[in-house]
Amino acid sequence: DTAVSQTPKYLVTQMGNDKSIKCEQNLGHDTMYWYKQDSKKFLKIMFSYNNKELIINETVPNRFSPKSPDKAHLNLHINSLELGDSAVYFCASSQDMAVQETQYFGPGTRLLVL
Amino acid sequence: SQKIEQNSEALNIQEGKTATLTCNYTNYSPAYLQWYRQDPGRGPVFLLLIRENEKEKRKERLKVTFDTTLKQSLFHITASQPADSATYLCALVDQTGANNLFFGTGTRLTVIP
């Protein structure tokens, strides 16, 4: 009965590789998000997405790309991984993009780039 | 530049006391301010939301205040318990954008039995 799930939970990889993190929500929500939490525990929005609109935080490198095969999934693809990409990545969802909607977070994917 | 600062990185209090956490923001026009709890190794969990035209919101032992003049929100946990120990994050939704949450730096609360 997990609301927002992410796989894998841990990801260790070499610099320069390409990797993907999967996210699924079973809440029937229209909007999904990706956040990055760095080593100082600072949580920062990367993308917000529904079937009509993708909003990209301008500070996110174009090596990061969200891909949504359907409304319940928003995967994060990362090309040419760099050391600075090491962080915890959280997926979240909300009913829609209305500003008052609560967001539900997944458990996080801990990425370590060596 | 835009900032959301939670003044205490860590806060220790005795069980039964009231914990008060502070969130200050600069160069935002928040439509809503939310508080989340994050336990180690887990994602944030929503606790409370307060709108810009609301002064105070309560839920059980939790209370949030929002002062748009001071650009500050206070988060109170009354009759604190060791189970309340966690990191608490404030987050705001700016009026200018979509439902993107901008998070504060977090306060790690420890309630000592």
So which residue, A:F42, A:F47, A:Y104, ends up with the most heavy-atom pairs under 4.5 Å with chain B?
A:F42

A:V4 and A:I21: same hydrophobic cluster, using ILVMFWY side-chain contacts below 4.5 Å?
no

In Å and rounded to the nearest 0.5 Å, what is the NZ to CG distance from A:K41 to B:L89?
11.0 Å

Determine, using the 4.5 Å side-chain heavy-atom cutoff (strictly less than), whether A:F90 and A:L27 are members of one ILVMFWY cluster.
no

Can you find a heavy atom in the side chain of A:Q103 that is under 4.5 Å from one in the side chain of B:L101?
yes

Neighbourhood of chain A inside residues 35-42 of chain B, taking heavy atoms under 4.5 Å as contact:
B:Y36, B:Q38, B:G41, B:R42

Any link between B:I4 and B:L74 through a network of hydrophobic side chains (Ile, Leu, Val, Met, Phe, Trp, Tyr) touching at under 4.5 Å?
no

Would the number of heavy atoms belonging to other residues, nucleotides or ligands and lying under 6.0 Å from CD of B:E9 be above 12?
no

CG (A:N62) with more than 12 external heavy atoms under 6.0 Å:
no

Counting only heavy atoms from other residues, nucleotides and ligands, does the tally under 6.0 Å from CD of B:E60 exceed 12?
no

Which bit of A:Q37 is near chain B, if near means a heavy-atom gap under 4.5 Å: side chain, backbone, both or neither?
side chain

For B:K3, I'd like to know if atom NZ has over 12 heavy atoms of other residues, nucleotides or ligands within 6.0 Å.
no

Return yes when atom NZ of B:K57 has more than 12 non-hydrogen atoms of other residues, nucleotides or ligands closer than 6.0 Å, and no otherwise.
yes

Can you hop from A:L76 to A:L54 via hydrophobic side chains spaced under 4.5 Å?
yes

CG of B:L48 to OG1 of A:T102: how many Å apart, nearest 0.5 Å?
10.0 Å

Can you confirm whether or not the ring centre of A:F105 sits under 6.0 Å from the ring centre of B:F46?
no

